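Below, each value reflects all heavy atoms present in this structure, side chains not excepted, and no hydrogens, waters or symmetry copies. Residue numbers run from 1 in the order of the sequence given. Everything quoted here is computed from the prediction, not taken from an experiment.
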Amino acid sequence: MYLALLVIFLQCSGLYTQEGVFTFNTVEIKVQPSVKVKNGAPMSIVCRADISKNTDFQLKHNFTIFKDGKLVFMTVTDREDAKYEISVARSSDTGEYECTVEARGKTKSSNSLHVWVKGMTKPILTAEKEEVLEGEVVKLRCELPEEVPPLHFFFRKIKTNSIPKEKRVFEPYRNFSEVEFSVEEADNILQFDCFGRRFVQLEFEDSEHSNTTLVTVREPFIKPTLNAKPSSNITEGDRIQFECSTVVARMRDIEILLQKNKTILKSVQDEVLKYSTVATLEDSGEYLCKVEQGRASKTTKLNVVVSELFPKPTLAASMSNLDENKELTLSCSISGFRKANFSILRKNSNGDTLLKNSRNLTMRVNVNDTGSYTCKAEVKGIVKESKPVRINVYAPVSKPTLSVVSGLPEVVLGKPLWLICRSAMGTPPIIFTFYKGNEVKKRVTNDTYAMFLDENIRQNDKRGYKCDARNNHSSGMKTSNILNITVIVPIRDASLGSIPYGEVEDGSETAFLCSVKEGSWPIHFKLFRKTDREVLLFEQIENADRVMWHKKAMKKQDTGTYFCVASNRANVDVKSHPITISVILATWKKGVIAAFSLILIVGAVTLALYWFLRKKKKAKGPSLEMSGSALATNLTSEKLTRQPNDGDYYSGSGYIEDNENHVKSADESKGPDLESEEVEYTEVEVSTLDPHRDSVENRHSRIQGHPDAT
């Protein structure tokens, strides 16, 4: 029974599961009436889910609507759509909308949809005061209560018959902004308004203008009046008095200023300003009276003309350029006017020096009297000064000296030559003229010296240099002595040779020759030997283009590489190509060594022969004591008999036969006294017999041919 119930339960569960299957096809979001909605109109955001089911069954849907990622609406319904209604759409409702639907753990979202609520609410403008004084400020506040920042605010100050002044403020976090406008002179009734702006979909959108706010302006003081007494047209020397006045509402912080150009002549903190002075021509011009209180200011201008009482005096000089110890006369005068107090002065950097209170001045001058002179004239307290007159007093120039800047009167070929011409005495400016030969090369005006550069130096250029100097003195020109320049030719192509060249016998003399192809004398020659380091062997200064050095006895340690270096006053070292010298053994030393070696060889052979004979005698016993021809005969017989047993000493029978023939021939040709020596000789040849048979035979043959073979 229980088993049957379990089967029925499982079947029912499977049937229920099959009946509750669904899937989301799409989720869509729409705006009614359209994606562009007018500000203030109603708007609906509709989200709809398209769902597929296996059977018709009820399904709860959880609808969620987001604006710019923030939740704005949520509902749960068994319907497949939901609506988010906005009765009055504002610009703050502009944004990206997205819908998400969830049912039984399954979720699906729609694509995002941009909704633009076009138009902005009208801003509200308020002013802190409705009545202000000139110089004060008007504080304004513009607000867009239903808009969302960031916002731009524009404030306008409107005056009759003038262009409105505008101020712009960006508010990233507030929906209102505040600003101040200063109240200026001549402002009477002011109007203000504002409007807002936002950035939507890459476009700017402006609100309508706010309400207009009126502000009344009152004057804190009246415009000042400026008068000149006795008149604004007067003659210099007369006293003129200025008076500036105003009427103020309150005396606090009031100030009156009188100025000409940009110079303030006087200022007072009162309602009236007075200023008086003796008029001069420089006092002509425009005067300005200015009243200030806080930020408010008002001005009045007055033009004053001062007529000339007398013209400026004129200073005349008998001469402007004259020699020292000459007489100078200065005269001061006024055109068409003689009644004046005159004085003549000399101008200095630390002030003017009075020379004489008179119209005329005569004096004998020296160089120190060079300078600028003026005269002054005074009438009715008005003092005027003439234009300065320049007086130059000249001392004659001394004879100039011409020299080379570097010191010595010489120059390296190819290098520039700098000359300097000096005149120890003479009033500047001095005109210096340079000559090369009789050709004028340069003219220079300077105080005490001048320099000349000659870059065209030739090897065989024989022209001398000179200079002359002159100034405005009447004595005229002075000329220097002629300066002759030595042209130094640099060293070119040094070479080194030797006799003998290459191999030199030990103890012999060697001559080294160092020479140059070109170069001015004297020339400094140096000879070096280079092994592991450079060694100076010889140096000498010669008035020639070559030098020879003899090495008396060359030694083995003199082997090495040799080179020479040549230089002159051009201070350029020129190095030759190196040569290699090998010191070899002298011929006579080779002979001594050869003779000594031969003696050693003969001695060694003799010792070997002696040792061998003694060994032979011990081996043969008494038979070795025989002498004469019998010993030779027995020896020969013994050799033939022992041939099979003495293979260590003989290489073949053919040689032995030849040897025996040789012994016999020697026996027959020589007397009895030489028999023992012949035997010894034969024994030497036999004892040295080894596989190198040919060389032994040759040596035997040579020794035989030599006169001293026996």
Backbone of [Y] reached by a side-chain donor or acceptor of [X] within 3.5 Å:
X: R346; Y: T370; value: yes
X: N568; Y: V489; value: yes
X: T374; Y: P388; value: no
X: T433; Y: R443; value: no
X: R470; Y: G476; value: no
X: N366; Y: N368; value: yes
X: D447; Y: P428; value: no
X: T559; Y: V583; value: yes
X: D323; Y: K326; value: no

I need the minimum non-hydrogen distance between [X] and [Y], along with the two atoms involved.
X: K384; Y: L281; answer: NZ-CD1, 3.6 Å
X: K478; Y: S398; answer: CB-O, 3.9 Å
X: W521; Y: D545; answer: NE1-N, 3.5 Å
X: P311; Y: S335; answer: CG-O, 3.8 Å
X: F434; Y: A450; answer: CZ-O, 3.4 Å
X: A317; Y: L330; answer: CB-CD2, 3.6 Å

For a 4.5 angstrom cut-off between non-hydrogen side-chain atoms, does [X] reach [Y]?
X: K260; Y: T263; value: no
X: L408; Y: T486; value: no
X: L419; Y: L402; value: yes
X: L345; Y: S343; value: yes
X: P396; Y: E324; value: yes
X: P490; Y: L413; value: yes
X: S480; Y: T401; value: no

Problem - cation_pi(K551, F512) dist<6.0 Å, angle<=45 - result: no
Approximate separation, where rounding is to 0.5 Å, of [X] [atom1] and [Y] [atom2]:
X: N472; Y: T427; atom1: CG; atom2: OG1; answer: 9.5 Å
X: M548; Y: F525; atom1: CE; atom2: CZ; answer: 11.5 Å
X: H577; Y: L496; atom1: NE2; atom2: CG; answer: 11.5 Å
X: L417; Y: L453; atom1: CG; atom2: CG; answer: 8.0 Å
X: I523; Y: R569; atom1: CD1; atom2: CZ; answer: 11.0 Å
X: E539; Y: C514; atom1: CD; atom2: SG; answer: 12.5 Å

Exercise for the section: May I ask you to say whether E534 pairs ionically with K526, meaning some side-chain N is under 4.0 Å from a carboxylate O? Expected result: no
Exercise for the section: Flag the pair K436 and D454 as a salt bridge only when some basic side-chain nitrogen lies within less than 4.0 angstrom of an acidic carboxylate oxygen. Expected result: yes
Practice task
Mind running side chain to side chain contact (heavy atoms under 4.5 Å, CB included) on S498 and I579 for me, showing each step along the way?
Solution key: CA-CA 8 Å; S498 68; I579 63 173; 3.9 Å; yes
Completion exercise
side chain to side chain contact (heavy atoms under 4.5 Å, CB included) test vs F342 passes for just one of I334, L361, L315, N357, namely I334
Practice task
Apply side chain to side chain contact (heavy atoms under 4.5 Å, CB included) to the pair N481 and K399, showing each step before the final yes or no.
Solution key: CA-CA 9 Å; N481 296 329; K399 182 178 179 178; 2.8 Å; yes
Practice task
Check the pair K312 / S386 against side chain to side chain contact (heavy atoms under 4.5 Å, CB included), numbers first and verdict last.
Solution key: CA-CA 6 Å; K312 286 185 177 182; S386 69; 6.0 Å; no
Exercise for the section: Check each of T362, T314, N360 against S331 using the side-chain hydrogen bond (donor to acceptor under 3.5 Å, both in side chains) test, and report the only one that passes. Expected result: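 Only one option passes, and that is N360.
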Practice task
Measure the acute angle between the ring planes of Y465 and F452, then classify it against the limits of 30° and 60° as parallel, tilted or perpendicular.
Solution key: tilted
Practice task
Decide yes or no on side chain to side chain contact (heavy atoms under 4.5 Å, CB included) for L322 and I391, but give the supporting numbers first.
Solution key: CA-CA 8 Å; L322 67 163; I391 303 298; 3.9 Å; yes
Handout entry: Residue L513 excluded, over 12 heavy atoms near CG under 6.0 Å
Key = yes
Problem - Test item: side-chain donor near acceptor, T353 and N348, under 3.5 Å - result: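 Yes, side-chain donor-acceptor contact under 3.5 Å.
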